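Treat the numbers as computed from the prediction; the structure is a model and nothing was measured.
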Amino acid sequence: VDDAASARAAFTAGAVDYLVKPLELAALQHAVEEALRRRALERARQAAEEALRDELAGQQAAVAEAQRAAEVSMRATSVAVAEALVAALEAKDPYAGGRATRVAALAASIAAELEFDEDMVESVRLAARLHDVGTIGVRDEVLHKPGPLTADERAHIREHVRLGLEILAPLAAVPGMGDVIASVADHHERWDGTGYPRAVAGPAIAPGGRVLAAADVWDAVTSARAYQGAMAPDAALEYLGTLAGKLLDPAVYAALAKVVRRGEALSFLD
């Protein structure tokens, strides 16, 4: 049809050319060759785009892998620095030797008993390794005092949470360390809301903080200190039972009791 409107409609629909009768074979041949040329160019363009997409995907995967490796390295380096401070703390305190490792093993076992996922169990274990790093700033005469503490001395000891968070603050930007720091921040909070530093209660306490509170108290009462002897395990379980619903999350206490009775905490020792 020798009609301009029809030709426009054909080209709009994607036609390569528009031929009208009477049809000349030379014109037909030219139209077919042009169509084939355009098809070859389009296929080449699509192949080039696909190759570019594949190359970009490969580059993005390589960059992501390098970033993950850098994050792992940064986390490992940062944690190593913090754990060096823990080692210095244990060297300073004759009663602290091995405490971080014991609390970490028990805390990880409790977290596993509570069916935390693997990443969270590792987060709790690492938080337990670092939870008392702030006590490196506590005066020795207060830390090792054999008798009751004064109000000022108790306030001084409570500062170890704030000091620990300041020490760990550079780790906040490291992927995966948010839960660790939250657990450290809340390990002296109490289920009934009378703890410190935030004085929050129940589920408002970070899950890792609730686990650390139980593991920390267990290790404290079953280890000899300057101001007390070590409790036997059965007596310690009975004592911690009186703290469930007050200092301790009852569910966390129940998990701790199961772990202690089975003796499974040792499986998480380094």
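Counting only residues at least two apart or in different chains, ring-ring contact (aromatic ring centres under 6.0 Å, His included) contacts with residues 102-140 comprise His131-His187.
When only modelled atom types and interatomic distance are considered, Asp192 and Thr194 share a side-chain donor-acceptor pair under 3.5 Å. A donor-acceptor pair shorter than 3.5 Å cannot be found between the side chains of Gln46 and Glu50.
Using modelled atom types, one side-chain atom of Thr150 and one backbone atom of Glu153 make a donor-acceptor pair closer than 3.5 Å. Tyr253 contributes a side-chain N or O that, together with a main-chain N or O of Leu237, makes up a donor-acceptor pair within less than 3.5 Å.
Remark: Trp191 CH2 to Leu248 CG distance equals 10.5 Å, nearest 0.5 Å.
For CZ of Arg43, the number of neighbouring non-hydrogen atoms (other residues, nucleotides, ligands) closer than 6.0 Å is 12 at most. For Glu238, the CD atom is loosely surrounded, since the number of other residues' heavy atoms within 6.0 Å does not exceed 12. The neighbour count for Leu41 CG, taken as heavy atoms of other residues, nucleotides or ligands under 6.0 Å away, is above 12. Surrounding CD of Glu115 are at most 12 heavy atoms belonging to other residues, nucleotides or ligands under 6.0 Å away. Summarising the local packing, CG of Asp234 is surrounded by 12 or fewer heavy atoms from other residues, nucleotides or ligands at distances under 6.0 Å. Dense packing is recorded around CD of Glu49, with more than 12 heavy atoms of other residues, nucleotides or ligands lying under 6.0 Å away. A 6.0 Å sphere centred on CG of Asp54 holds more than 12 heavy atoms belonging to other residues, nucleotides or ligands.
Note on Arg162 versus Glu159: salt bridge recorded, some NZ/NE/NH1/NH2 to OD/OE distance being below 4.0 Å.
Every side chain to side chain contact (heavy atoms under 4.5 Å, CB included) that Glu34 has, sequence neighbours left out, goes to Val16, Arg37, Arg38.
Taking the six-membered ring for Trp and thresholds of 30 and 60 degrees, Tyr196 and His188 have nearly parallel ring planes, at less than 30 degrees apart.
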#### Entry: salt bridge (Lys or Arg N to Asp or Glu O under 4.0 Å) between Arg125 and Glu122, worked out
CA-CA 5 Å; Arg125 189 195 71 79; Glu122 174 58 20; 3.1 Å; yes

